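Report on one structure; see the data block that follows.
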Amino acid sequence: MYWKKDICKVLMTEEQIADMVKGIGQQITQDYSGKELLVVGILKGASVFMMDLIKYIDLPLSIDFMVVSSYGNMSATSGEIKILRDVTAKMEGRHVLLVEDIIDSGLTMNKLKDVLKLRNPASLKVASAFDKPSGRRVPMECDYVGAEVPNEFVVGYGLDYAEKYRNVPELCVLKSEIYE
Ligand code: IMP
Ligand code: MG
């Protein structure tokens with residue numbers, strides 16, 4: 001496997017990730033029982049997680065995608081997020097579930113939620129495959145979290161470094177010499 005030489009630790013195996021995704025899907029199925037969902041993935045990172053997750057949600061749903069500019073390196077008080085690609089679906093009156101790969105500083109999701117609330121969805125929740133609570137710079141509570149990860153740079157299962165490693169099936173810590 002091309003990527004084995006670039007990683008120092010496996011945090012979650014393919015099997016562990018699959019169990020975690022199944023669990024979230026079942027929880028969502030229970031929580032939204034009798035309702036219809038609009039599942040919105042934040043590209044590109046959430047794509048792998050989202051395609052697995054929707055298979056475990058036993059409810060009628062539509063999918064859509066957004067591309068949002070990241071302000072991850074800026075201060076909490078600066079800038080508004082920019083929506084580079086918006087959903088084509090109307091959100092008004094619908095149960096919207098945002099799907100993210102990982103919440104770190106919380107800046108992206110915090111601001112995105114504020115913007116999308118103005119569209120008057122019936123409800124707005126967030127499901128993230130991974131969560132790095134130690135990275136928070138603004139409060140951001142995730143409604144569904146697959147697993148908490150330590151404050152290290154992780155790749156795999158959709159998460160990239162310089163657009164690479166998204167296809168790695170395990171969640172891994174990248175060797176620091178790769179990005180130093
Ligand atoms: P934040 O919560 O606004 O800081 O932004 C989260 C975004 O930063 C995620 O959607 C990822 O694209 C990226 N990100 C944060 N931590 C990592 C990581 O450890 N590996 C890869 N991408 C990350
Ligand atoms: Mg990314």
Side-chain angles (χ1 to χ4, degrees), residues 1-14 16-17 20-21 24 39-54 63-87 96-118 124-180:
M1 278 169 277
Y2 82 94
W3 46 272
K4 286 273 183 192
K5 64 180 190 328
D6 299 342
I7 63 151
C8 56
K9 214 185 327 176
V10 173
L11 291 180
M12 283 180 91
T13 64
E14 218 176 330
Q16 288 170 325
I17 293 173
M20 149 209 132
V21 177
I24 299 176
V39 183
V40 178
I42 310 304
L43 294 175
K44 304 170 205 168
S47 56
V48 178
F49 172 49
M50 176 151 150
M51 292 306 98
D52 284 343
L53 180 64
I54 56 171
I63 62 168
D64 213 325
F65 299 95
M66 293 184 101
V67 179
V68 176
S69 65
S70 174
Y71 284 85
N73 296 321
M74 297 167 85
S75 84
T77 52
S78 74
E80 289 295 304
I81 57 149
K82 236 198 199 133
I83 296 173
L84 303 177
R85 192 264 180 208
D86 208 336
V87 294
V96 177
L97 180 67
L98 297 174
V99 180
E100 213 359 340
D101 53 356
I102 189 166
I103 310 286
D104 183 16
S105 70
L107 287 169
T108 311
M109 246 326 142
N110 184 288
K111 293 227 166 110
L112 185 60
K113 278 185 84 176
D114 284 349
V115 171
L116 298 184
K117 273 181 203 155
L118 301 174
L124 182 62
K125 286 192 183 184
V126 178
S128 185
F130 307 108
D131 188 12
K132 238 192 254 183
S134 53
R136 282 298 189 289
R137 281 151 65 188
V138 293
M140 174 60 217
E141 289 279 333
C142 225
D143 301 282
Y144 303 97
V145 174
E148 288 194 0
V149 298
N151 204 9
E152 289 180 285
F153 197 80
V154 293
V155 294
Y157 201 63
L159 289 112
D160 72 305
Y161 169 66
E163 294 300 328
K164 285 197 279 191
Y165 308 107
R166 292 194 200 276
N167 59 334
V168 173
E170 305 178 320
L171 184 73
C172 305
V173 177
L174 198 61
K175 277 183 185 162
S176 56
E177 67 217 52
I178 301 291
Y179 51 86
E180 268 163 9

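Source: prediction; values computed, not measured. Atoms within a ligand are numbered from 1 in the order they appear, just like the ligands themselves. What you see below is based on every heavy atom in this structure, not just the backbone, and it leaves out hydrogens, waters and symmetry mates.
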What atoms in ligand 1 come closer than 4.0 Å to a heavy atom of [X]?
X: Lys132; answer: 16 (N), 17 (C), 18 (C), 19 (O)
X: Thr108; answer: 1 (P), 3 (O), 5 (O)
X: Asp101; answer: 9 (C), 10 (O), 11 (C), 12 (O)
X: Glu100; answer: 10 (O)
X: Glu152; answer: 19 (O)
X: Leu159; answer: 20 (N), 21 (C), 22 (N)

Original post:
If you measure from each heavy atom of Val154 to ligand 1, is any distance below 4.0 Å?
Top reply: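 Under 4.0 Å: yes for Val154.
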Subject >> Interatomic distance, Ile24 atom CD1 to Phe49 atom CZ [nearest 0.5 angstrom] >> reply: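 Between Ile24 CD1 and Phe49 CZ, I get 4.0 Å after rounding to 0.5 Å.
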Original post:
What about Met109: any of its N or O atoms under 3.5 Å from an N or O on ligand 1?
Top reply: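 Between Met109 and ligand 1 (N or O atoms, distance only) the closest approach is not under 3.5 Å.
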**OP:** Give yes or no for whether the N/O distance cutoff of 3.5 Å, strictly under, is met between Gly106 and ligand 1.
**Re:**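 N/O-N/O distance under 3.5 Å: yes.
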Subject >> Expected output: side-chain Asn110 to main-chain Pro139 donor-acceptor under 3.5 Å >> reply: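 Side chain of Asn110 to backbone of Pro139: a pair is present.
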Original post:
Do any N or O atoms from the side chain of Arg85 and from the backbone of Phe65 form a donor-acceptor pair under 3.5 angstrom?
Top reply: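 Checked: pair present.
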Give a yes or no on whether [X] atom [atom1] has more than 12 heavy-atom contacts from other residues, nucleotides or ligands under 6.0 Å away.
X: Lys175; atom1: NZ; value: yes
X: Lys113; atom1: NZ; value: yes
X: Glu152; atom1: CD; value: yes

Original post:
Heavy atoms, side chains only, cut-off 4.5 Å: are Ile81 and Asp114 in contact?
Top reply: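 Sidechains of Asp114 and Ile81: no contact.
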Original post:
Is there a donor in the side chain of Asp52 and an acceptor in the side chain of Tyr157, or the other way round, less than 3.5 Å apart?
Top reply: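 A donor-acceptor contact under 3.5 Å links the two side chains.
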Original post:
With backbone taken as N, CA, C and O and side chain as the heavy atoms from C-beta onward, which portion of Met140 lies under 4.0 Å from ligand 1: side chain, backbone, both, or neither?
Top reply: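 For Met140, there is no contact with ligand 1 at all, from either part.
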Original post:
Can you tell which part of Asp160 has a heavy atom less than 4.0 Å from ligand 1: side chain, backbone, both or neither?
Top reply: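 Just the backbone.
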Subject >> Identity of the nearest option to atom 7 (C) of ligand 1, non-hydrogen atoms only, from Val173, Ile42, Ile102, Asn151 >> reply: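 Nearest option to atom 7 (C) of ligand 1, by heavy atoms: Ile102.
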